[in-house]
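Scroll down for the structure; my scribbles are underneath it.
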Amino acid sequence: MTEITTAQPSRLTTAFDIPRPPGLTWYVQAQQPVGYEVSLTRGLLSPVNPALAKAVGADGRGGVRALVVVDRVVDKLYGTALRDYFAAWQTDATWLVMSGDEETKVLEQAVDVTRAMTEMGILRRTERVVVVGGGVLMDVVGLAASLYRRGAPYVRVPTTLVGQVDAGVGVKTGVNHGTHKNRLGTYFAPEVTLIDPEFLRTVPERHIANGLAEIIKMALIKDADLFRLLEETVAHISSDTMANCGSAMSEVISRAIAGMLDELEPNLWESVLERSVDYGHTFSPSLELRADPPLLHGEAVAVDMAVCVALAEGRGLLGTTEAHRALALIAAAGLPLTHPVFTPELLQVGLADAVKHRDGLQRLPLTDGIGSCVFVNDVTAAQLAAALEFVHAYADHRTDGPGR
Ligand SMILES: NC(=O)c1ccc[n+]([C@@H]2O[C@H](COP(=O)([O-])OP(=O)(O)OC[C@H]3O[C@@H](n4cnc5c(N)ncnc54)[C@H](O)[C@@H]3O)[C@@H](O)[C@H]2O)c1
Ligand SMILES: [Zn+2]
């Protein structure tokens, strides 16, 4: 702590001659190390796999409790296996089954989790909350854990592709509020995230494509090898191939996770606003807000990425062939390139919103060649309109088939 003594005025200067206290300011500076594990494993729910037991502190001899919060859909599919697992490890689990739908991602849901923690009388440091579900439930339970007594340990088991390569990997928690997505939230790391691609077997194909959008993003901004691997394998990517996790899919998932962690680690609290992981997330929030029927997040990100690819091409950052390869990959992943409400006007609105969000500058991430990223601050309305035309021209004359 530093004591800062400020000089006193020689005489009282306020209008009412109120005596001032001595001019002292204390400046407190502390640091809190943050560390958490992200672990890719197989057979997570097999009783011979100790990973989840270890995460809740169980050694099979009893006396360990945990609050297990499970997505309702996941509970139907994996509830029995989960219960058998904890029983095998002599863990006294309290179950809370909740909706994992975006519409229920609200503060009351997080409060419900804290209520269950209170009712269980969860010990503050040694008993864990385990969340098993997609990005929605992980965000809700992460928020609850961060609020409960100002922070309680929790463990994440993501069961969707978005959960496994994105939401489960960083430290953000949150719920929607008013008309705003994730408006209330915290930065709060779990102790561990345990990722088992086997959960992806039951994820609908549309949600696999949804997660692929974030993987393609990582490839475009920082991993040319991942991009090539995706080009080679995208036609065969499905819930089953992802769940089987052969060598190619294992590499796709692990490269996506490693790339994400590499980007997040030096900027965990987003103090730097130039974030390459914001690629595809500049115009997409405005699109997500207006698309009816609603788009999945990754679908809106895909449409945003497509226009960013075209913007980079228009500015000479990306060759035309590379731009076409990027658009082809997005389409082949089963993702949209365009959307009827994604007009030049909407692009301008989206960019203006992003400028506010990014503290006054565009800070727009663009690919400077596949696998590399730069930030620009001077994109014009004309460039946006031209980029949109480029994408539409490509989409209208695409000869590479309807995707997978
Ligand atoms: N915190 C972050 O950094 C971060 C990052 C990305 C996304 N998110 C958030 O994540 C949410 C999106 O996550 P999501 O795409 O996982 O959606 P989701 O959690 O809504 O899951 C999608 C659907 O799949 C179901 N489901 C979950 N696992 C399943 C399984 N194994 N088999 C079959 N069905 C299953 C769910 O019940 C749900 O209906 C958004 O709210 C977004 O804001 C957060
Ligand atoms: Zn995203």
Side-chain angles (χ1 to χ4, degrees), residues 38 44-45 69-79 81-82 97-106 109 131-143 146 156-177 180-190 193 195-218 221 239-240 242-243 256-257 260-261 263-264 268-270 275-285 287-288 294-305 335 365:
V38 177
L44 186 70
L45 300 186
V69 188
V70 193
D71 178 302
R72 185 159 293 129
V73 176
V74 175
D75 190 53
K76 285 207 181 84
L77 296 163
Y78 303 95
L82 265 168
V97 178
M98 299 186 103
S99 159
D101 293 339
E102 190 70 42
E103 300 72 51
T104 57
K105 191 181 173 185
V106 290
Q109 182 105 328
V131 50
V132 189
V136 166
L137 204 61
M138 280 192 297
D139 276 3
V140 168
V141 174
L143 179 62
S146 72
R156 291 189 299 213
V157 179
T159 59
T160 59
L161 188 55
V162 166
Q164 299 194 343
V165 299
D166 195 349
V169 173
V171 298
K172 289 202 266 186
T173 80
V175 291
N176 303 329
H177 187 63
H180 300 283
K181 271 205 76 183
N182 300 323
R183 187 43 63 95
L184 305 179
T186 55
Y187 296 97
F188 191 62
T193 293
I195 297 172
D196 182 357
E198 180 58 41
F199 284 113
L200 303 179
R201 197 172 301 283
T202 49
V203 169
E205 296 296 340
R206 187 178 173 197
H207 282 269
I208 295 289
N210 187 36
L212 276 177
E214 301 286 354
I215 299 180
I216 293 172
K217 172 186 83 177
M218 295 313 300
I221 59 169
S239 312
D240 275 333
M242 283 247 150
I257 294 171
M260 181 65 99
L261 286 172
E263 290 301 307
L264 294 182
L268 219 44
W269 293 275
E270 302 180 4
R275 299 174 74 237
S276 55
V277 287
D278 278 348
Y279 188 75
H281 292 66
T282 302
F283 312 102
S284 56
L287 175 58
E288 271 185 274
L295 288 176
L296 294 178
H297 173 70
E299 293 167 344
V301 168
V303 173
D304 180 317
M305 289 196 295
L335 291 160

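None of these values were measured; they are calculated from a predicted model. Every number for a ligand or one of its atoms is a count from 1 in the order of the listing.
Scanning all heavy atoms of the two residues, the minimum distance from P365 to R275 falls at CG-O, 3.8 Å. Q164 approaches L200 most closely through the heavy-atom pair OE1-CD1, 3.6 Å.
No side-chain donor-acceptor contact under 3.5 Å links T193 to the backbone of V169. In this structure, N176 contributes its side chain and N182 its backbone to a donor-acceptor pair below 3.5 Å. Using modelled atom types, one side-chain atom of K217 and one backbone atom of V277 make a donor-acceptor pair closer than 3.5 Å.
Around the Zn ion (ligand 2), the protein N, O or S atoms found under 2.8 Å comprise E214 OE2, H281 NE2, H297 NE2.
To the nearest 0.5 Å, atom CG of residue D196 and atom CG of residue L44 are 5.5 Å apart.
A distance limit of 4.0 angstrom between heavy atoms and ligand 1 selects the residues D71, V73, V74, L77, Y78, G100, D101, E102, K105, G134, G135, V136, D139, T159, T160, V162, D166, A167, K172, K181, N182, F199, T202, V203, H207, N210.
The closest side-chain donor-acceptor pair between Y78 and T159, if any, does not fall under 3.5 angstrom.
Annotation: salt bridge (Lys or Arg N to Asp or Glu O under 4.0 Å) contacts involving residues 162-174, sequence neighbours excluded, comprise K172-E270.
For H281, the ring pair (Phe, Tyr, Trp, His ring centres under 6.0 Å) test picks out H297, with sequence neighbours left out.
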